[in-house]
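Heavy-atom basis, side chains included; hydrogens, waters and symmetry copies ignored. Whatever order the structure lists ligands and atoms in, that order sets their numbers, starting from 1.
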Amino acid sequence: MDLHTETLSSSSPVRREDDAKLTPKASLLGATRAELAETLRALGVPEREIKMRVAQLWHWLYFQGARDFGAMLNIGKSLRGALAEHEHLTRPEVVTEQVSQDGTRKWLLRLAPANATDKGAEVECVYIPESDRGTLCISSQVGCTLTCSFCHTGTQKLVRNLTSREIVAQIVVARERLGDFPGLTPPTDGLLPQGEGRPITNIVFMGMGEPLYNFDNVRDAIGVLADGDGLSVSKRRITVSTAGVVPQIEKLGAEAGPMLAISLHAVRDALRDTLVPLNKKYPIKDLLAACRDYPGASNARRITFEYVMLKGVNDSPAEARELVRLLKGIPAKINLIPFNPWPGTQYECSDWDKIEAFSDIVFNAGYASPVRTPRGRDILAACGQLKSETEKLRARARLAVEAE
Ligand code: SAH
């Protein structure tokens, strides 16, 4: 479907040179209930009908996964027509889909252009099937500004924040590709989790970007994702991971209420300053204080501390003991992540016996300390590898063109 541009009133003609600045109308896909209501009002739907119409649209968009307004048969013909004329449900384009030997799937999505000169930013989104769950890892920004020294995404400059609709659209596209809407057929490659339930049970904001630097859009997207009449992923199954934007942590709990994950990676400020430069602004002490106060954290709803295992950098038994000491009093679980190498990195992954020794210390102190099995490494879908291959291919294509 073509993107609609804003209708221009004939009494205020716009000069041609301004045309390039016109912003294409955003897809209605991913809209909140309040935004849907606003759209319906603008189309002249009477106030007394708004709530019912929003509920109908909601069901079609997020429960049925409808791709066009024509399919929404319980909505009157004239309203369907008006919606089709003035709105659209364009999805981000799936540029590539890769399936790893372990069933991990990675999609490169091209977002609709934000204005007439924008070519459409790209984000990656990864689906990780496990025996008891299926996790979708989504992005909150195009690129990232944090420059964590071990993360490849951090070497790419931020292009922009995603809108809440673009965040939601990632799940809609993933569900479509997994055949996970009524009426769709799931892929037949045998790599989806077997048994009851839907393929996507959990969502983690662990793709590209720092979600708490895009707070309002992440909060609104969580509202849409968690709504029980639509996409229906409960807040207990949505995790927001942050490098530690301290002032936004309490707000996240109060206004959105998802599970919280902290990319800790070091137990001393001097080291964390070099791994996660944001630490210079919000040191460990302040970060952990914010975790202690996180609304809704309890033994049943623990905060996850992510700790990437870097050989000879942060993987000693003394650091494991210090980690246990630091987390005292916080309902926590610790996720040890074997470092995923990328071309040009100065770091190596810790040896397996080191990881095991670290994990044992943490476990013996009473914490769950699963070691995250690297998934999808063959398609560069593992933590910190996102976007790298795409960028590399682009760079190669550029060089080829320049060489001509
Ligand atoms: N900015 C947020 C969201 C990104 S989450 C945050 O920092 O939490 C991505 C997770 O993968 C983070 O815990 C990050 O520290 C980790 N990660 C990044 N690069 C990695 C790599 N090369 N190997 C393993 N984990 C990595």
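With a 4.0 Å cut-off on non-hydrogen atoms, N340 touches ligand 1 through its backbone as well as its side chain. Residue contacts with ligand 1, taken as heavy atom pairs separated by less than 4.0 Å, involve H265 solely via side-chain atoms from C-beta onward. When heavy-atom distances to ligand 1 are checked against a 4.0 Å cut-off, E210 comes that close through both its backbone and its side chain. At a heavy-atom cutoff of 4.0 Å, ligand 1 is contacted by the backbone of T242 but not by its side chain. Residue contacts with ligand 1, taken as heavy atom pairs separated by less than 4.0 Å, involve W342 solely via side-chain atoms from C-beta onward.
A salt bridge links R219 with D216; the closest basic N to acidic carboxylate O contact falls under 4.0 Å. Residues E97 and R105 are not paired through a salt bridge, judged by the lack of any N-O separation under 4.0 Å between the basic side chain and the carboxylate.
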Could you walk me through whether Y294 and I249 pass side chain to side chain contact (heavy atoms under 4.5 Å, CB included), step by step? CA-CA 7 Å; Y294 187 67; I249 289 179; 3.7 Å; yes
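Taking D132 as the reference, E130 meet the side chain to side chain contact (heavy atoms under 4.5 Å, CB included) condition, with sequence neighbours excluded. With sequence neighbours excluded, the residues that form a side chain to side chain contact (heavy atoms under 4.5 Å, CB included) with A365 are V324, Y367.
The shell of residues lying under 4.0 angstrom from ligand 1, judged by heavy atoms, excludes S140.
Among F205, Y213, F305, F150, the residue whose heavy atom sits closest to atom 17 (N) of ligand 1 is F150.
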